[in-house]
Amino acid sequence: MKNNTENREIPYKIILAEKELPRNWYNMRADMPGKIAPLLDPVTMEPVTARALEKVFCRETAAQEMDETNRLIPIPEDVRNFYRMYRPAPLIHAEFLEKMLDTPAKIFYKFEGNNTSGSHKLNSAIAQAYYAKQQGLKGVTTETGAGQWGTALSMACAFYGLECRVFMVKCSYEQKPFRREVMRTYGASVIPSPSRTTEVGKKILKEYPETPGSLGCAVSEAVETALNTEGYRYVLGSVLNQVVLHQSVIGLETKTALEKYGIKPDVIIGCAGGGSNLGGLIAPFAGEMLRGERSYRLIAVEPEACPSLTRGKFVYDYCDTGKICPLAKMYSLGSGFMPSAIHSGGLRYHGMNSIISQLYHDKVIEATAVPQSDVFKAAVEFARVEGILPAPESSHAICTAINEALRCKRENRAETIVFGLTGTGYFDMPAYGKFNDGTLSESSLSGEEIEKSLRTLPDIAQ
Ligand SMILES: *Cc1c(COP(=O)(O)O)cnc(C)c1O
């Protein structure tokens, strides 16, 4: 018996009561010793003001974007009420995975796929839609990669009666027609990006007529449309500090659930696209580290095909391909980076949230990149024993959790591993199909390609 005796009282699913839903989001920045570098205006290269951000974003979320002093930000009662439809999310003890791996490690995962959108993105979508409604706006624009964010936002906008225009990365639009229909069912209009409805879209199409699209490009189109449409603002499902803030609900619930059973994690793992679920999951734990109270290994997992932390540079870069959004100091592969059409649409972004970038730079967190074939192998192993069909994005975290559990086995260490299972993979069956057929291609990314893309970084004093 390796770990079952001491754990007998831990249920397979730790489910918190509704009243244990956090009342505040936690803002890690308040506990960071150094402040993160400010966003820069793309024209003047001066730090942006909240005023300037309000032209693009909602007033309240612009304020949250800049907030580096308030540790706790109250979750509006209305948002908390919506959260009650699908939260608290369960923290699951992966007993069957442990058994299959024959590891002395204990493994837990926080499952965020228990809502129609199928991922954690609803946590921020509902907050952003709430603030847009409060401000009396008519609608919002956004981009979506794999479609999870667009779906989440469509649901949130339907709830508040807001219009919703979604620019969907073209390869996902084609690969995932059902995603598109879910969004339309919730009332959103969905446009493949790059499109001819915007100046930036036309320009990109002229330069790269065959492009499968990218998140960076779809962002540019959505921002341009918001700026040109009365009563509209732009909302974003990842990368921004406000999104990491809203996602802290994941980590706060996880911490409460672990503490209830006296479980002390050693390793906490999340997949990283723009960094929001990872940032949210690790937030309260990173907070303890920043305050010098405890230490953990916090690991970001990215795809080998889009390795912004592990192979990018920590510099000021544009957040979008069209260079109309502010610049952020972050780990980036260059805003011109066009990742190959890997099947984890949600992890195809060229940069990384600034807080996560700074924490990585300061060695508070680690990062690793995994190849697509290992990710799908881990996904299938996981599905067969734990039952849940994971999203390919989430499977990056599964892959690293399995690797860590196998390391524990080799070293005979009973560490406790917690990972974020961000969503389900029902709309990713074409990719699973390729894996099952043995035709999933591995796109290797050469140093040369990365060098070429890094040369597109803006030449400003860092
Ligand atoms: C969008 C998405 C991600 C990546 O986004 P982050 O902002 O890095 O969290 C991961 N998993 C799923 C299921 C997603 O939809």
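Every number for a ligand or one of its atoms is a count from 1 in the order of the listing.
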- Residue Ser119 vicinity, atoms of ligand 1 by number, heavy atom under 4.0 Å: 13 (C), 15 (O)

- Charged N to carboxylate O under 4.0 angstrom, Glu18 versus Arg84? yes

- Cationic N near anionic O, under 4.0 Å, Glu112 to Arg87: yes

- Message: For atom 1 (C) of ligand 1, tell me which residue out of Gln148, Lys121, Gln247 has the closest non-hydrogen atom.
- Response: Lys121

- Query: Are Gly275 and ligand 1 in contact, using a heavy-atom cut-off of under 4.0 Å?
  - Reply: yes

- Message: As an exercise, identify every atom of ligand 1 less than 4.0 angstrom from a heavy atom of Ala272.
- Response: 8 (O)

- Determine, step by step, whether Met289 and Leu359 satisfy the side-chain contact (heavy atoms from CB on, under 4.5 Å) criterion, reporting the C-alpha distance in whole Å, the side-chain angles of both residues, the deciding distance to 0.1 Å, and the verdict. CA-CA 11 Å; Met289 287 176 76; Leu359 291 175; over 6 Å; no

- Message: Need the ligand 1 atom indices (1-based, order shown) with element for anything under 4.0 Å from a heavy-atom of Gly273.
- Response: 8 (O)

- Task: Answer yes or no: is there an ion pair linking Lys170 with Glu174, defined by an N-O contact shorter than 4.0 Å?
- Result: no

- Message: Under 6.0 Å between ring centres: does that hold for Phe178 and Tyr426?
- Response: no

- Note on the structure: The closest protein heavy-atom partner of atom 11 (N) of ligand 1 is Thr422 OG1, 2.7 Å

- Item | Protein heavy-atom partner closest to atom 4 (C) of ligand 1 - residue, atom, separation in Å | Gly346 O, 3.5 Å

- List every atom of ligand 1 that sits less than 4.0 Å from any heavy atom of His120, numbering the atoms from 1 in the order shown and giving each element. 2 (C), 3 (C), 9 (O), 10 (C), 11 (N), 12 (C), 14 (C)

- Could you say whether the N/O atoms of Cys271 and ligand 1 ever approach to under 3.5 Å? no

- Residue portion contacting ligand 1 (non-hydrogen atoms closer than 4.0 Å) for Leu347: side chain

- Filtering Met352, Glu393, Glu302, Glu112 for the heavy atom nearest atom 10 (C) of ligand 1 leaves Glu393

- Message: Any carboxylate oxygen within less than 4.0 angstrom of a Lys/Arg side-chain nitrogen, looking at Asp67 and Arg29?
- Response: no

- Query: Hey, is Lys106 close enough to Glu98 for a salt bridge, meaning N to O under 4.0 Å?
  - Reply: no

- Interfacing atoms of ligand 1 (cut-off 4.0 Å, heavy-atom, Ser238): 6 (P), 7 (O)

- Message: Does either side chain, that of Thr142 or that of Trp149, offer a donor lying less than 3.5 Å from an acceptor on the other one?
- Response: yes

